[in-house]
Amino acid sequence: MSGEESARLTRALIEFREAEGISERELARRTWLSEATIRTFERDPGDLPTPTVAQSFEEVLGWAPGSIKTTPSEATGREPSADSAIGLK
């Protein structure tokens with residue numbers, strides 16, 4: 001099931017970028033995620049995003065909250081993303 005959901009997200013991201021005529025960099029700016037995160041989901045559909053990443057994608061795609069399946073979150077309910085860890089160094 002996660003493969004199907006991830007493929008759906010991948011198609012949606014690519015279609016959105018093509019429809020908007022924007023680059024990976026612009027999509028990264030709009031979602032507050034890194035370009036590497038965008039590339040991960042556009043080029044390697046297989047992993048589900050963390051809840052934080054899914055929320056960013058839902059907002060930019062105009063999808064309802066919770067419409068993107070996510071990886072199981074930790075007990076805190078939020079997982080730190082690689083993007084947020086960059087600012088901690």
Side-chain angles (χ1 to χ4, degrees):
M1 181 68 147
S2 68
E4 291 174 18
E5 289 296 320
S6 184
R8 178 178 76 101
L9 175 58
T10 297
R11 283 190 304 275
L13 289 171
I14 292 169
E15 289 171 6
F16 177 80
R17 280 198 325 101
E18 289 174 352
E20 294 286 315
I22 61 173
S23 65
E24 288 175 351
R25 175 174 282 167
E26 176 61 16
L27 182 58
R29 186 190 67 74
R30 290 186 188 189
T31 58
W32 294 84
L33 300 169
S34 71
E35 289 179 62
T37 299
I38 302 301
R39 282 191 293 274
T40 296
F41 291 102
E42 284 193 348
R43 296 192 180 133
D44 187 20
D47 293 332
L48 292 174
T50 63
T52 303
V53 171
Q55 181 181 6
S56 294
F57 287 150
E58 288 164 348
E59 289 173 5
V60 96
L61 293 171
W63 292 5
S67 63
I68 297 175
K69 293 196 184 286
T70 61
T71 58
S73 60
E74 295 178 9
T76 62
R78 296 196 117 197
E79 292 181 81
S81 67
D83 298 302
S84 64
I86 292 170
L88 299 175
K89 292 182 179 179

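All values below come from the heavy atoms of this structure, side chains included, with hydrogens, waters and symmetry mates left out.
- Take Arg39 and apply the side-chain contact (heavy atoms from CB on, under 4.5 Å) test, not counting sequence neighbours, and it matches Glu24, Glu35, Ala36, Arg43.
- Remark: side-chain polar atoms of Thr10 are not paired, donor with acceptor, to backbone N or O of Glu42 under 3.5 angstrom.
- Between Leu13 atom CG and Thr40 atom OG1 the span is 11.0 Å, to the nearest 0.5 Å.
- Heavy-atom minimum distance, Pro49 versus Leu9: CG-CD2, 3.9 Å.
- The shortest heavy-atom contact between Trp63 and Ala12 is CZ2-CB, 3.3 Å.
- When all heavy atoms of Glu58 and Ile68 are compared, the pair lying nearest together is OE2-N, 2.9 Å.
- Applying the side chain to side chain contact (heavy atoms under 4.5 Å, CB included) test between Val60 and each of Gln55, Glu20, Arg30 identifies Arg30 as the sole match.
- Note: Ile38 CD1 to Arg29 CZ = 12.0 Å, rounded to the nearest 0.5 Å.
- Atoms OG1 and CG, from Thr52 and Leu33 in turn, are 9.0 Å apart once rounded to the nearest 0.5 Å.
- No donor-acceptor distance shorter than 3.5 angstrom exists from the side chain of Glu5 to the backbone of Leu48, with no hydrogens or angles considered.
- When all heavy atoms of Thr70 and Ala54 are compared, the pair lying nearest together is CG2-CB, 3.3 Å.
- Using a distance-only test at 3.5 Å, with no hydrogens or angles considered, a donor-acceptor pair links the side chain of Ser56 to the main chain of Thr31.
- Placement of Phe41 and Ile22 within a single hydrophobic cluster is found when ILVMFWY residues are connected by side-chain heavy-atom separations under 4.5 Å, directly or transitively.
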